[in-house]
2 protein chains.
Amino acid sequence: MTKPVHRVAPHVDIPIRQDSLRAHNLVLTFRQIVAAQDTPISRSELSTATGLTRPTISRIVDDLLAAELIIEAGPARSGSSGRPRVGLSLARTGPAGLGLDIRADVLSACVVDLTGAVRHLDFVPYDGTDPATVLPRLAAMADRAIEAAAAEHLTVVGATMAAPGPVQDNSIVRFAPTLGWRDVDAGAALSESVSSGSAALPILVGNDARLAALGEWYASGQAMRNFVCVSGEFDIGAGLLLNGAQLGGWAGELGHVMVRSDGPSCACGAVGCLQCYAGLTAILAAANHDGRDGGGSPAVAIDTLVSAGDPRILDALDEAATALGIAVAGLVNLVSVDTVLLGGSYSLLASWLVDGINRELRRRVLSANWAPIEVRPAPLGPDAAVIGAALSAVDRVREDPNGWLARVQSR
Amino acid sequence: MTKPVHRVAPHVDIPIRQDSLRAHNLVLTFRQIVAAQDTPISRSELSTATGLTRPTISRIVDDLLAAELIIEAGPARSGSSGRPRVGLSLARTGPAGLGLDIRADVLSACVVDLTGAVRHLDFVPYDGTDPATVLPRLAAMADRAIEAAAAEHLTVVGATMAAPGPVQDNSIVRFAPTLGWRDVDAGAALSESVSSGSAALPILVGNDARLAALGEWYASGQAMRNFVCVSGEFDIGAGLLLNGAQLGGWAGELGHVMVRSDGPSCACGAVGCLQCYAGLTAILAAANHDGRDGGGSPAVAIDTLVSAGDPRILDALDEAATALGIAVAGLVNLVSVDTVLLGGSYSLLASWLVDGINRELRRRVLSANWAPIEVRPAPLGPDAAVIGAALSAVDRVREDPNGWLARVQSR
DNA sequence: TAATTTGTTTCAGAGGTTGACTTAACTGCG
DNA sequence: CGCAGTTAAGTCAACCTCTGAAACAAATTA
């Protein structure tokens, strides 16, 4: 007999009963284990951390152990005398998340486990950006990734595809100029052809810049509370995390913020968009290059030109940095972030950009005097979007393991 | 004997026990009554709306009645045959919120009750913007408002002051150029000199544009999920509500977003700020006027010039609309809102601005094709900030009445 | 062996649910 | 006017599940 699935009350919208109370405290406990991450945490430490009593913690831990979401590590450091505490840490088997991404030069797929560790990362070159060509390839990569995961006792419980453009309803890519897509329901197409084990696997679609921000957030230990991750791969997007939560809706089209009122007209129909100054192809074009030297990756092409000492590329980078600074200043005036990560391909070019951006921020941001803003390269760089996509999928279990518990108990 | 105060679990950060369960379900029930607002709701309707059973609802309703947070309205329409349901609605006595605002021409104070109705609204002209002059006046107005409230059996449980500039820690006004303030701890100064009944009354400080957005949101029945309210009084600020929640931090300095790369330099140190084109004094200056005709209110001055058919003011308004459109387009590209309210003094000038703003939004907003944006004047206009401030104070009780319950039970 | 800390077992208390019964109040029909 | 039908609301008991408190068992150090 399967127990009913109870949602934990995140908002005040649903009534809570005795059993949802249990579900809530289980989530609370599990998140403490997730937060402890590298250093296993004991039952009694959980008790003090959560405020629940030891018996309650013991019961909850029993459930988590039975569902194989956590494992008992060998006796950990006790610190003082007395019975040594038993360390608990996240299982490296069980639920996993799958991420897919379409990048400038390759398609990529990624599997992460509960701990957030990347267990599988796969790149495949491609030609032709037509949905009918690209999506089946991605589906094949997904199948391969799910198999590879199963070989390591991982069950893919969710999948997300990163798309370079605004996405509606976690499924429909509204506009992706670099792929030539318009109103493509990538989620439906992929979900049809991919399954995990016996169950169908719904594949969500998200904006690449926002997923990259999520990936960088995890990679930084979730320490930052308010930050923006500016990604330049195809387009320029901004992923915003405010107060530890990601912004919903169409948020983040930084590339189409105006930075010059007398600028050239953009593909979007407006004039003076950031993209026309700080997009990678725009930077190359400003230096009279077409970017054929990078093996398909414009960032590498720029990097080699800089190494070769081409003065025109330095000018173009300076102009790009100024434009980025203006756009980010507008953003920071509106939504108050304290950290700006240069992600995607910009992470490779960060050393040529940081100074120019900082200069504009100092000039233009009203709060810069009493609330300094840190600009730095993002650690994951171009891989952030796939990894973030995979994390966003497994994160649903990390945020609320009750679904997984019900699934395990039902078999 | 007083029962301990239990917080309701809004996030998953605290454990929930049996009694916090009760507190949670009480909040849930109370919010349903708040949401029903004008049409009294019965116990059995509450039961179906919340998912709690009738016995539980009855108990909770008894508690709320005993605390005088709600009242039994006379037998309401039953709809069909049978015993008519007893309508429950918010009490118009009990907790109240106090709002204070410094406006271009007057100081204002406002008291709202639980239902959100304005019960007291008071304006006092002033001269001299020095904190040592203005703050005591505001404190005196607060005292008068608290007295007036007490006469109607209202207890002021919270107070908020609206300040024209960025505010830190709900207390310190960092920068208010139009008042000449810098790093003024208005919250501390006011809290010292104001008390409600026997208890001290802490006075919070918030940004005026954001409080105005809150006020307009309530005035519109909280129907909009994602909207921005652009307020022009002194400065230009933007109050953002996303997914029904207000953005934290320094959010909303729309006035200092760049709209012309070759523009004049602004007081903030940057160039081409929106404020230099769409600020009320900027509009008047562009038409070669100094705004002495409006009795202190620049919006009225502009309005009279328009009525007089001055062609220069029409040009200035057109330019202001274009600038506003550019800035708002940048905002909408970044944070995805579906409604733009023209608040504060702009509500009076909306008919001269809407078309120009819409034109720029159509050109510049990427998502405008599939997610239309509505631009319209805000109903409350210049009063929105005081009212919003008062609402934000009483809203703490509306969001979680347990504090008030504990207070009532303890006496 | 005593002390200490950790984890487990047992039991009582609190709260909500279910279900049935009762009281209350209105509608509609004869 | 009076009665049945209908719906709303209060009340009571039995039951379930959760947490907390206290006692108990286990494992290590001194």
Side-chain angles (χ1 to χ4, degrees), chain A residues 1 3-6 8-9 14-29 33 40-66 70 72-88 402 405 409, chain B residues 3-4 6 8-9 14-29 33 40-66 70 72-88 402:
Chain A
M1 204 192 71
K3 285 170 73 178
V5 182
H6 294 291
V8 172
I14 59 172
I16 63 179
R17 309 167 210 282
Q18 287 89 333
D19 48 354
S20 41
L21 190 153
R22 171 70 166 276
H24 174 105
N25 286 337
L26 186 137
V27 169
L28 176 67
T29 307
I33 300 173
I41 190 170
S42 75
R43 289 173 177 78
S44 59
E45 284 172 316
L46 282 172
S47 170
T48 57
T50 58
L52 295 164
T53 57
R54 290 204 303 279
T56 306
I57 292 290
S58 275
R59 258 180 105 155
I60 291 172
V61 165
D62 284 347
D63 285 357
L64 292 173
L65 283 170
I70 61 174
E72 285 190 327
R77 270 269 5 90
S78 81
S80 60
S81 69
R83 176 174 174 173
R85 43 192 80 160
V86 179
L88 301 169
N402 286 295
L405 253 74
Q409 278 160 11
Chain B
K3 282 172 76 177
H6 295 290
V8 173
I14 59 172
I16 62 178
R17 308 165 211 281
Q18 286 88 335
D19 48 353
S20 42
L21 190 154
R22 172 74 165 277
H24 174 106
N25 285 339
L26 186 137
V27 169
L28 175 67
T29 307
I33 300 173
I41 190 169
S42 76
R43 290 173 176 77
S44 59
E45 285 172 315
L46 282 173
S47 172
T48 57
T50 59
L52 294 163
T53 57
R54 289 201 303 281
T56 307
I57 291 289
S58 275
R59 256 179 106 158
I60 292 172
V61 166
D62 283 348
D63 285 357
L64 291 173
L65 284 170
I70 60 174
E72 284 190 327
R77 270 272 2 93
S78 79
S80 59
S81 67
R83 174 176 175 173
R85 39 193 84 161
V86 179
L88 301 168
N402 285 295

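Quick note on labels: first sequence line is chain A, next is B, and so on, each numbered from 1.
In this structure, CG of B:Leu88 is placed 8 Å from P of D:dA9, rounded to the nearest angstrom. One can place CD1 of A:Ile57 at 16 Å from P of C:dT9, the figure rounded to the nearest angstrom. For the pair A:Arg22 CZ and D:dC16 P, the interatomic distance rounds to 17 Å; values are reported in whole Å. A:Ile60 has its CD1 atom 13 Å from the C1' atom of D:dG20, to the nearest Å. Atom pair A:Asp62:CG and C:dG7:C1' shows a separation of 10 Å (rounding to whole Å applied). Rounding to whole angstrom units, NE2 of residue B:His24 and C1' of C:dA14 are separated by 18 Å. Put simply, CG on B:Asp63 is 11 Å from P on C:dG15, counting in whole angstrom units. Distance, B:Leu52 CG to C:dT18 C1': 14 Å, rounded to whole Å.
For the atom pair A:Ile57 CD1 and A:Asp62 CG, the distance stands at 11.0 Å (nearest 0.5 Å). A:Asn402 contributes atom CG, which lies 11.0 Å from atom NE2 of A:His24 (distance to the nearest 0.5 angstrom). The distance from atom CZ of B:Arg43 to atom CD1 of B:Ile41, rounded to the nearest 0.5 Å, is 12.0 Å.
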Under the side chain to side chain contact (heavy atoms under 4.5 Å, CB included) rule, what do A:Leu26 and A:Leu405 come out as? Steps first, then yes or no, please. CA-CA 11 Å; A:Leu26 186 137; A:Leu405 253 74; 3.7 Å; yes

List the steps, then state whether side chain to side chain contact (heavy atoms under 4.5 Å, CB included) holds for A:Asn25 with A:Thr50. CA-CA 9 Å; A:Asn25 286 337; A:Thr50 58; over 6 Å; no

Side chain to side chain contact (heavy atoms under 4.5 Å, CB included) between A:Leu88 and A:Leu64, intermediate numbers included: CA-CA 10 Å; A:Leu88 301 169; A:Leu64 292 173; over 6 Å; no

Side chain to side chain contact (heavy atoms under 4.5 Å, CB included) for A:Ile60 and A:Arg22? Distances and angles first, verdict last. CA-CA 8 Å; A:Ile60 291 172; A:Arg22 171 70 166 276; 4.2 Å; yes

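Minimum interatomic distance between A:Glu45 and A:Pro40 (heavy atoms only, all atoms of both residues): OE1-O, 4.3 Å. Shown here for B:Leu52 and B:Ser47, the closest heavy-atom pair between the two residues is O-OG, 2.8 Å.
OP1 or OP2 of C:dT17 has at least one side-chain nitrogen or oxygen of B:Thr56 nearer than 4.0 Å. Within the structure, a side-chain polar atom (N or O) of B:Ser58 is placed less than 4.0 Å from OP1 or OP2 of D:dG10. At D:dC18, none of the side-chain N or O atoms of A:Asn25 fall inside 4.0 Å of OP1 or OP2 (strictly under the cut-off).
Near DNA chain D, meaning a heavy atom under 4.0 Å away, there are no residues from residues 41-48 of chain A.
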Can you check each nucleotide of nucleotides 21-26 of chain D against protein heavy atoms at under 4.0 Å and return B for base, S for sugar-phosphate only, - for none, in 5' to 3' order? BB---B

